[in-house]
Number of protein chains: 2
Amino acid sequence: MPAFAEHRRSPPVLKQIRPGMEASRNAVRKLEGRCREAGVKMTDLRRVMLHGILAAGAGATAIGIWKTLGLMTDGHPPSLGSIQRNLNLLVARDILCRDVAPDRLWHYSIAPERRGRLAVTFVEAGTGRKIRCRMPEVAALLRRVAAEHGLAVQAAAITVTSGTGR
Amino acid sequence: MPAFAEHRRSPPVLKQIRPGMEASRNAVRKLEGRCREAGVKMTDLRRVMLHGILAAGAGATAIGIWKTLGLMTDGHPPSLGSIQRNLNLLVARDILCRDVAPDRLWHYSIAPERRGRLAVTFVEAGTGRKIRCRMPEVAALLRRVAAEHGLAVQAAAITVTSGTGR
DNA sequence: ATAATTGCAAATCGTTTGCCCGCAT
DNA sequence: ATGCGGGCAAACGATTTGCAATTAT
């Protein structure tokens, strides 16, 4: 048995981080929502990462976030590798954005929220009549599957026929 | 004796590179002048690097320049480490400029030439009378020593007294 | 049972640095 | 004799990736 047994996948400390947690609770909740919309399942690690990202501030580096989490978790931050992996995921899913500074490191920030609703339009086959609807569920799903292919939906036109479909 | 003896400091091949060398001869000459002005002694390696930098084109990476030199020297490019070192030198002396692209690599280009002559002004102590002169030698020296400290001279005012100085 | 997620450690890759040798001053 | 310039290889640091163990579905 190794000197430091007691290995768990997510040490309990990740479930309750202390300093300044209250301050960003709302922001984290909002980000959790965006994650869900983008098809990113929420896990203990990811939730704690969201806290760390907010606490570290806009433009923080991966290691900066990692160190911040080190403070917030009494010296038991998540693995740096896992952080990097999830940062990449969040960037791919448009939750975060990142760019290079003159120091040649990635700098992460919360991506500006997708502005404007997605216009989903029904186009009646034959007549060509257009029916625009507000369908947040459909929009979210389209965005998610598009994001999984690294794409961003701009608009959607669904061709339909009246009646029960043949 | 190692399998590949015949080591020299600068393989003779560096002294005569072939493809497209004519094209950039003038440009290289100009750059050599800027190097001299900046206090960068010209060496075989540096001269061949200037050819490579020009051949590789603006925005090339260090490794791109190195590979380009590999082609220009029949597979015997200068050491990559030396190239990096001299690129740093040329950047510090304002011959080259570099910035980071989204790929997080340095991209090198010829720095825009220092426009406008440096205004060196003599200010007569006591009277405050100003005498502006064109003194390219002084300007070059000032720029060089400033560059050695990572600075760029904008103007120079030399306080003087008339006569033989006391 | 199968797929997803994490920690850990090794691999990557451009860049930097230390050391030694050769040539010039 | 001194010192600068260059080759070479090791060091570095952020990021990526492979693997095995654990958890969720």
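We name chains A, B, ... by the order of the sequence lines, and we start the count at 1 in each one.
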A:Gln84 CD - C:dG7 P separation (whole Å) = 13 Å
Side-chain N,O (A:Arg85) to OP1/OP2 (C:dT6) below 4.0 Å = no
Separation of atom CG in B:Asp44 from atom P in D:dG6, rounded to whole Å = 9 Å
Looking only at heavy atoms, which two atoms of A:Lys30 and A:Glu113 are closest? And how far apart?
-> CE-OE1, 3.3 Å
Nearest whole angstrom, please: distance from the P of C:dC8 to the CG of A:Leu45.
-> 12 Å
Select from B:Arg104 and B:Ser82 the residue whose nearest nucleotide in DNA chain D is closer to the 5' end of that strand.
-> B:Ser82
If you check every side-chain atom of B:Asn86, which of D:dT15, C:dT5, D:dG6 has the closest atom?
-> D:dG6
Going only through I, L, V, M, F, W and Y residues with side-chain contacts under 4.5 Å, is there a path from A:Val91 to A:Leu105?
-> no
A:Leu105 CG to D:dC12 P, straight-line distance once rounded to whole Å | 18 Å
Does a side-chain N or O from B:Asn88 land closer than 4.0 Å to OP1 or OP2 of C:dT15, or not?
-> no
For C:dT6, take OP1 and OP2 only and decide whether either is under 4.0 Å from a side-chain N or O of A:Thr43.
-> yes
Can you tell if the side chain of B:Leu54 reaches within under 4.5 Å of the side chain of B:Leu31, non-hydrogen atoms only?
-> yes
Would you mind telling me which residue lines up with the more 5' stretch of DNA chain C, A:Ile83 or B:Gly81, judged by nearest nucleotide?
-> A:Ile83
Measure the distance from CE on B:Met49 to C1' on D:dG5 and round it to the nearest whole Å.
-> 13 Å
Distance col, row B:Arg93:CZ vs B:Asn86:CG, nearest 0.5 angstrom, shows 11.0 Å
DNA chain D: B:Lys41 or A:Thr61, which has the more 5' nearest nucleotide?
-> B:Lys41
Nearest-Å distance for atom pair CG/C1', residues A:Asp99 and D:dA14 = 16 Å
Integer-rounded Å distance: C:dT6 P and A:Leu80 CG | 14 Å
Taking atom CH2 of B:Trp106 as the centre, report whether more than 12 heavy atoms of other residues, nucleotides or ligands fall under 6.0 Å from it.
-> yes
Atom-to-atom span, NZ of A:Lys67 to P of D:dA14 - whole angstrom | 7 Å
